[in-house]
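Below is one structure; the comments refer to it alone.
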Amino acid sequence: MSLISDCINLAAAFPGLFSGAIFGTCCDESLEHTVYCTNNRVTQLLTALTSLNLQNCAIKGPIPLWLGSMENLVYINLANNQLSGPIPSNLGNLTDLAFLSLANNQLTGPIPDSIASLVYLQTLRLSYNQLSGMIPERLGNATLLQNLYIDNNQLTGSIPTGIYGLRTLRYL
């Protein structure tokens, strides 16, 4: 088993991984991946993944609900795709998640309040979507949050005061 350094076609390895998704070349060589392959067959179970980087893959459709059950994920990058629909609230079940990027998609609806329960979350990138509603007040409880990118959405209201009290926050 070796760490992948080139791109694999996930659609061939996991038919129906994302409903209706079309995968192409989608690796960022500068990032470390934790999917392993041998002869183009993925040998680790998806549930064992700690890092999922599928940015720039032309993925279409909603974020699958099963993503919220991949309990070992620490890093999720689904930026720069064509994902649509709401952000699943069960992403709040990923208790070890430190990095979540869903930026530059077509996501709609509110930012789920459950995101605030991610106690290890350091970076949250939701920019350039069509998210609406207010920023969850509980997001001020994400005490390790360093980077919060929520610009270029349709969010309303003011920034919750708890966010201003985050000592680790470097970028808002």
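Since we're looking at a predicted model, the values are computed, not measured.
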Examine distances only and state if a side-chain atom of [X] and a backbone atom of [Y] form a donor-acceptor pair shorter than 3.5 Å.
X: Asn105; Y: Asn81; answer: yes
X: Asn129; Y: Leu131; answer: no
X: Thr50; Y: Asn72; answer: no

Suppose we screen for side-chain contact (heavy atoms from CB on, under 4.5 Å). Which residues come up paired with [X], at least two apart in sequence or across chains?
X: Thr108; value: Gln130
X: Pro136; value: Ile111, Asp113
X: Asn141; value: Arg138
X: Asn93; value: Asn90

Please round to the nearest 0.5 Å and tell me the distance separating atom [atom1] of [X] and atom [atom2] of [Y].
X: Asn77; Y: Leu54; atom1: CG; atom2: CG; result: 8.5 Å
X: Arg167; Y: Gln146; atom1: CZ; atom2: CD; result: 15.0 Å
X: Asn56; Y: Asn80; atom1: CG; atom2: CG; result: 4.5 Å
X: Ser84; Y: Ile63; atom1: OG; atom2: CD1; result: 9.0 Å
X: Leu139; Y: Ile115; atom1: CG; atom2: CD1; result: 8.5 Å
X: Leu91; Y: Leu65; atom1: CG; atom2: CG; result: 9.0 Å

Residue list, ring-ring contact (aromatic ring centres under 6.0 Å, His included) with Phe99, at least two apart or on another chain:
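Testing Phe99 for ring-ring contact (aromatic ring centres under 6.0 Å, His included), a comparison that skips the adjacent residues, returns Tyr75.
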
Under 3.5 Å, is there a donor-acceptor pair linking the side chains of Asn152 and Ser127?
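No, Ser127 and Asn152 have no side-chain donor paired with an acceptor closer than 3.5 Å.
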
Among residues two or more places apart or on two chains, list those pairs meeting side-chain hydrogen bond (donor to acceptor under 3.5 Å, both in side chains) that have a residue in residues 117-126.
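Counting only pairs at least two positions apart or across chains, the side-chain hydrogen bond (donor to acceptor under 3.5 Å, both in side chains) contacts touching residues 117-126 are Thr123-Asn147.
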
Of Leu102, Leu118, Leu100, the residue whose pairing with Leu124 passes side-chain contact (heavy atoms from CB on, under 4.5 Å)
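By the side-chain contact (heavy atoms from CB on, under 4.5 Å) criterion, Leu124 pairs with just one of Leu102, Leu118, Leu100: Leu100.
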
Could you go through Leu97 and Ile76, starting from their C-alpha distance and side-chain angles, then the distance that decides it, and tell me whether this counts as side chain to side chain contact (heavy atoms under 4.5 Å, CB included)?
CA-CA 8 Å; Leu97 198 63; Ile76 298 175; 3.8 Å; yes

Compare every heavy atom of Thr168 with every heavy atom of Leu144, then report the nearest pair and how far apart it is.
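Shortest heavy-atom separation between Leu144 and Thr168 comes out as C-OG1, 3.3 Å.
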
